[in-house]
2 protein chains.
Amino acid sequence: MPRAGLTTQRVVEEAEQVADEVGLPNLTLAALAPRLGVRMPSLYKHVAGIDALRRLLSIRAKQELADVFARAAAGRAGAQAVTAMLYATRAWAKAHPGRYAATVRAPDPTDDEEVAASNAILDIALAGLAEYRLAGDDAIDAVRALRATLHGFISLEQAGGFGLPNDVDRSFDRVTAALAETFTAWPPKTERERVAKVSSTLSRPSRRDRNSPAATARRSGARAARDPHPRTDG
Amino acid sequence: MPRAGLTTQRVVEEAEQVADEVGLPNLTLAALAPRLGVRMPSLYKHVAGIDALRRLLSIRAKQELADVFARAAAGRAGAQAVTAMLYATRAWAKAHPGRYAATVRAPDPTDDEEVAASNAILDIALAGLAEYRLAGDDAIDAVRALRATLHGFISLEQAGGFGLPNDVDRSFDRVTAALAETFTAWPPKTERERVAKVSSTLSRPSRRDRNSPAATARRSGARAARDPHPRTDG
DNA sequence: ACGTATAAGCTAATAGGTATAGCCTCGCAC
DNA sequence: GTGCGAGGCTATACCTATTAGCTTATACGT
């Protein structure tokens with residue numbers, strides 16, 4: 001019998017298709033094999049198992065998402081960049097729900113390749129926020145807010161969580177606008193501060209820490225060789 | 001041999017424990033049965049199968065979450081209520097990750113019981129936002145923003161997505177404060193409007209629709225008996 | 001108290017999924 | 001052309017869900 005001529009890459013590509021069609025949790029080797037014209041055990045010649053396949057899928061998906069971010073933010077800054085990143089990501093997630101789901105997975109901290117893919121997303125998101133001139137922890141808080149809002153909206157939407165007839169696109173517009181606006185006054189005033197309306201120096205100690213050496217050090221890549229906190233986020 | 005004396009309720013309660021311990025996706029009947037002192041097939045006398053069990057789990061979890069919202073918002077309003085709801089939910093989700101995950105599931109639109117549980121969450125969240133005096137689509141957009149932000153943060157945190165050493169509690173404080181603040185100027189200005197700085201009447205057509213009959217009708221529960229859009233939302 | 005219907009438990013068997021072992025052979029390198 | 005490694009296969013084992021059909025504890029009516 002002629003060989004199917006599979007490669008790891010081919011297997012992962014088909015797995016992406018399947019994941020997009022039936023959802024990441026329903027991606028099985030059993031479903032994948034016939035689509036590639038082989039029997040199930042043959043897949044083990046190319047991927048080490050279902051877990052390894054999921055890992056490869058995640059890495060590729062994270063790279064794609066980083067790309068989506070990068071293209072959206074290219075040539076834009078501030079609110080424009082944020083808005084573009086949010087819309088582009090939602091559109092990509094709609095077209096590729098399985099891949100999007102794969103981007104959420106937290107990497108094993110010792111897995112350099114997947115950690116790198118995660119970091120690419122973080123770095124590009126941070127770059128997209130550059131115009132807001134945030135630094136240190138404030139910048140991290142902001143990307144976390146960005147990722148959380150975006151992910152929450154997309155995953156609820158994909159889960160069918162927005163059941164009311166009200167227009168979901170409209171809601172997304174509002175969320176996007178709110179987020180882009182929020183970053184212009186970041187960090188936000190806390191409730192206590194809003195009520196007490198005192199001078200910002202006194203009432204917003206968080207600002208003091210903004211560019212502190214400690215905060216900057218925490219961000220820097222210069223850490224011990226086997227850092228217990230390899231740099232990954234969101 | 002003596003009977004184990006199971007009930008559906010007992011099974012679901014133990015399932016909650018398991019889900020909290022090992023994660024909702026890892027909840028299996030096989031793991032559950034020995035913990036209840038019976039063989040796997042015996043569980044079918046009390047629940048119709050793993051899917052039915054998940055459904056029951058979701059319903060209970062949604063009721064619990066609605067309760068968490070209600071308790072948090074009780075006696076508070078506006079930013080205070082929003083803040084309290086967010087913190088309480090995150091704390092509950094941390095203590096009960098499996099149950100929290102179960103709240104995300106979208107109900108089958110024909111499943112009255114689960115739809116009702118979902119609606120309870122929505123209603124209480126809307127009530128928590130009452131002080132902001134939003135109406136019609138604006139109110140729906142706001143709860144969606146609330147749920148999306150909250151869910152995004154919690155699910156990323158639970159997935160281990162916040163790998164950087166930066167303090168996650170601090171980030172959550174910021175996100176919370178930003179959200180509570182955002183609702184005071186809802187709907188947010190779009191990027192175009194912020195740039196063009198014209199009068200709000202002209203530049204913010206969305207406000208015109210706020211209390212329109214159409215918008216109100218869309219929200220109302222008065223719909224045809226077998227409504228294609230039973231009232232549910234994130 | 002007793003007898004019985006029913007519900008609650010059991011064993012056994014089936015159907016899918018993951019994974020490993022071990023064989024067979026295509027097809028490239030030389 | 002031949003040798004051999006990579007890529008495919010069958011067979012098998014194990015895990016989870018589910019169904020069928022049996023047994024018996026126990027609640028309840030008399």
Side-chain angles (χ1 to χ4, degrees), chain A residues 1-61 97-99 101-102 105 108 111 114, chain B residues 1-61 97-99 101-102 105 108 111 114:
Chain A
M1 52 191 58
R3 298 210 171 162
L6 289 191
T7 61
T8 298
Q9 163 141 24
R10 182 77 195 79
V11 171
V12 176
E13 283 170 7
E14 192 68 30
E16 288 180 335
Q17 300 274 348
V18 175
D20 283 341
E21 289 169 22
V22 302
L24 187 61
N26 299 318
L27 167 65
T28 69
L29 295 179
L32 192 54
R35 293 180 56 139
L36 291 164
V38 298
R39 300 308 184 104
M40 218 202 299
S42 306
L43 295 176
Y44 286 82
K45 298 288 183 182
H46 305 285
V47 295
I50 187 74
D51 288 344
L53 178 60
R54 292 211 151 92
R55 171 182 168 271
L56 292 173
L57 208 63
S58 285
I59 291 173
R60 275 179 60 104
R99 288 172 223 204
R105 195 181 117 117
D108 172 347
D111 180 345
E114 190 169 356
Chain B
M1 53 193 60
R3 296 203 174 167
L6 289 190
T7 61
T8 299
Q9 165 143 22
R10 182 75 194 82
V11 171
V12 176
E13 282 170 8
E14 192 68 31
E16 287 180 337
Q17 299 274 349
V18 175
D20 284 340
E21 287 168 22
V22 303
L24 188 60
N26 299 319
L27 167 64
T28 69
L29 295 180
L32 193 54
R35 292 179 56 138
L36 291 164
V38 298
R39 302 306 185 102
M40 219 201 299
S42 305
L43 296 176
Y44 287 81
K45 296 288 180 183
H46 305 284
V47 295
I50 186 73
D51 289 345
L53 178 59
R54 292 212 150 90
R55 170 181 168 273
L56 292 174
L57 208 62
S58 285
I59 291 173
R60 275 178 60 101
R99 289 170 222 205
R105 194 179 118 119
D108 173 348
D111 179 345
E114 190 168 357

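The sequence lines fix the lettering, A, B, ..., with proteins before strands; numbering per chain opens at 1.
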For the pair made of [atom1] in [X] and [atom2] in [N], what is the distance, rounded to whole Å?
X	N	atom1	atom2	value
L43(B)	dT19(D)	CG	P	13 Å
L36(B)	dC10(C)	CG	P	11 Å
I50(A)	dG16(C)	CD1	P	18 Å
M40(A)	dC14(D)	CE	C1'	13 Å
L32(A)	dT18(C)	CG	C1'	13 Å
R54(B)	dA17(D)	CZ	C1'	11 Å
L53(A)	dG17(C)	CG	P	15 Å
Y44(B)	dT11(C)	OH	C1'	15 Å

Please report the closest heavy-atom contact between [X] and [Y], naming both atoms and the distance.
X	Y	value
D51(A)	R105(A)	O-NH1, 4.4 Å
V12(B)	L57(B)	O-CD1, 3.8 Å
L24(A)	R54(A)	O-NH2, 3.3 Å
L43(B)	L29(B)	CD1-O, 3.6 Å
V22(B)	L27(B)	CG2-N, 4.3 Å
R99(B)	A61(B)	O-CB, 3.4 Å

Rounded to 10°, tell me the angle between the two end axes of the helix from dA1(C)-dT30(D) to dC30(C)-dG1(D), each built from five pairs.
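The two end axes of the helix from dA1(C)-dT30(D) to dC30(C)-dG1(D) meet at 0°.
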
Report, as yes or no, whether the 6.0 Å neighbourhood of atom CZ on R35(B) holds more than 12 heavy atoms from other residues, nucleotides or ligands.
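More than 12 heavy atoms, drawn from other residues, nucleotides or ligands, come within 6.0 Å of this atom.
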
From CA spacing to verdict: side chain to side chain contact (heavy atoms under 4.5 Å, CB included), K45(A), L6(A)
CA-CA 9 Å; K45(A) 298 288 183 182; L6(A) 289 191; over 6 Å; no

Going by heavy atoms in the side chains, are E114(A) and D108(A) under 4.5 Å from each other?
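Result no, sub-4.5 Å side-chain heavy-atom pair not found.
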
Strictly below 4.0 Å, heavy-atom distances to any atom of DNA chain D: list the hits from residues 9-30 of chain B, or just say none.
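Only T28(B), L29(B), A30(B) qualify.
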
Step-by-step side chain to side chain contact (heavy atoms under 4.5 Å, CB included) determination, L32(B) to L53(B):
CA-CA 11 Å; L32(B) 193 54; L53(B) 178 59; 3.7 Å; yes

Using distance alone, with no hydrogens and no angle criterion, decide if E13(A) and Q17(A) have a side-chain donor and acceptor under 3.5 Å apart.
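No, because no side-chain N or O of E13(A) sits under 3.5 Å from a partner of the opposite role on Q17(A).
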
At under 4.0 Å between heavy atoms, how does the protein contact nucleotides 3-8 of chain C? Give one character per nucleotide, 5' to 3', with B, S or -.
----BB

